[in-house]
Amino acid sequence: ADRGSTNGRVVTTPLRLGPKLVKEFHCKRAVENWTADRGLCGGFNGSITKKAIQVINNNSDKEIQLITAGKKGYARFKNKKNKILHDHSGWTRDFDYLKAAEIGSTLSTLFSEKSIDRVYVLYNEFNSVMQQEVILEQLLPIVPEKLDTGKASMNIVDYIYEPEEEAILNTLLERYMTVEVYRAFLESSASEHGARMTAMDSASRNAGEMIGGLTLTYNKARQAYIT
């Protein structure tokens with residue numbers, strides 16, 4: 001998997017569930033794209049949009065639909081040919097678990113109805129105040145864990161479910177998507193604050209150095225005029 005602040009890395013989330021959640025239906029992808037509502041935060045927004053464009057270009061034979069979270073991402077893609085399914089600009093003000101549940105419910109419904117066959121989330125992962133990493137993570141279909149069937153102690157058990165498997169999977173799917181969306185929000189929010197703080201600190205230092213240089217030039221010119 002590729003790593004770095006601009007290329008990002010691809011992560012798949014394993015979860016042991018039924019075949020309904022691991023089957024592909026057609027070639028429609030949904031990418032949830034987390035950017036900020038404002039600028040002045042270094043490469044925070046640019047690295048996300050750059051990775052999104054890379055994903056779109058690498059999947060030109062597929063229909064990529066976007067879900068934008070943040071004004072910067074929406075402004076970048078609103079005039080592009082890729083359809084924006086939903087826009088959640090302003091999420092930095094009052095985003096909470098209930099809004100994550102709303103987005104998670106929408107994505108799980110689209111997947112269950114076979115309107116899309118893959119769901120990705122694209123966000124900045126918080127590593128430290130100085131370092132954020134772009135992550136492209138596949139949420140659906142879920143990648144099942146590989147079981148070691150060679151062990152003698154491995155037994156396949158056929159469970160009886162109440163309610164039926166379909167109802168359980170639908171509930172689990174929606175909750176899983178809600179938690180993943182909320183986690184992406186928390187990571188992106190922390191990353192934005194870190195990137196903004198770093199950018200402002202750098203700008204303050206640069207301004208201080210510029211003021212110092214201009215002051216020195218002024219004093220030299222003043223001294224030369226006096227003498």
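When a residue number appears, it is its place in the shown sequence, counting from 1. Side chains are part of it too, since the values below use all heavy atoms of this structure and drop only hydrogens, waters and symmetry mates. Not measured: the values here are computed from a predicted model.
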Q.
Ignoring hydrogens and geometry beyond distance, is a side-chain donor-acceptor pair present between Y74 and R76 at under 3.5 Å?
A. no

Q. Is it the case that E137 and Y123 place a side-chain donor and acceptor less than 3.5 Å from each other?
A. yes

Which other residues belong to the hydrophobic cluster containing [X], where Ile, Leu, Val, Met, Phe, Trp and Tyr are joined when side-chain heavy atoms lie under 4.5 Å apart, directly or via other members?
X	answer
Y225	none
M200	L40
V129	F126, M197
L214	M210

Below 4.5 Å, heavy atoms only, C-beta onward: do [X] and [Y] meet side chain to side chain?
X	Y	result
Y97	T178	yes
Y120	L140	no
L85	L66	no
I67	H88	yes
Y176	I142	yes
V119	M177	yes
T198	S202	no
E32	V181	yes

Closest approach of [X] to [Y] (non-hydrogen atoms, all atoms of both residues):
X	Y	answer
I64	V31	CG2-CG2, 4.0 Å
S112	L173	OG-CD2, 3.5 Å
T35	K71	OG1-N, 4.5 Å
A195	C41	CB-O, 3.5 Å
P163	I168	O-CD1, 3.3 Å

Q.
Working to the nearest 0.5 angstrom, can you tell me the gap between L110 CG and H86 NE2?
A. 5.5 Å

Q) When rounded to the nearest 0.5 angstrom, what distance separates CD in E165 from CD1 in I160? A) 10.5 Å

**Q.** Ion pair check, E102 and K99, cut-off under 4.0 Å
**A.** no

Q.
As a quick check of understanding, evaluate side chain to side chain contact (heavy atoms under 4.5 Å, CB included) for I84 and Q65, giving each step before the final call.
A. CA-CA 6 Å; I84 296 180; Q65 304 180 57; over 6 Å; no

Q) Do you reckon Y161 sits in the same ILVMFWY cluster as L172, going by side-chain contacts under 4.5 Å, direct or chained? A) yes

With no hydrogens and no angle check, is any side-chain donor or acceptor of [X] less than 3.5 Å from a backbone partner on [Y]?
X	Y	result
R196	G39	yes
N124	S188	no
S115	F111	no
S191	E187	yes
S189	L186	no
E166	L169	no
Q132	S128	yes
N33	G70	no

Q: Just jot down the side-chain hydrogen bond (donor to acceptor under 3.5 Å, both in side chains) partners of D87, sequence neighbours excluded, or say none.
A: T68, S89

Q.
Does K62 have more than 12 heavy atoms from other residues, nucleotides or ligands lying within 6.0 Å of its NZ?
A. yes

Q. Are more than 12 heavy atoms from other residues, nucleotides or ligands located less than 6.0 Å from atom CD1 of I226?
A. yes

Q. Given E63 and R29, is the side chain to side chain contact (heavy atoms under 4.5 Å, CB included) satisfied, shown in steps?
A. CA-CA 6 Å; E63 182 181 347; R29 296 354 186 189; over 6 Å; no

Q) Would L136 and V55 satisfy side chain to side chain contact (heavy atoms under 4.5 Å, CB included), going step by step from the backbone distance to the final call? A) CA-CA 9 Å; L136 176 66; V55 170; 3.6 Å; yes

Q. Tell me the ring-ring contact (aromatic ring centres under 6.0 Å, His included) pairs involving residues 32-54, sequence neighbours left out?
A. W34-W91, W34-F95

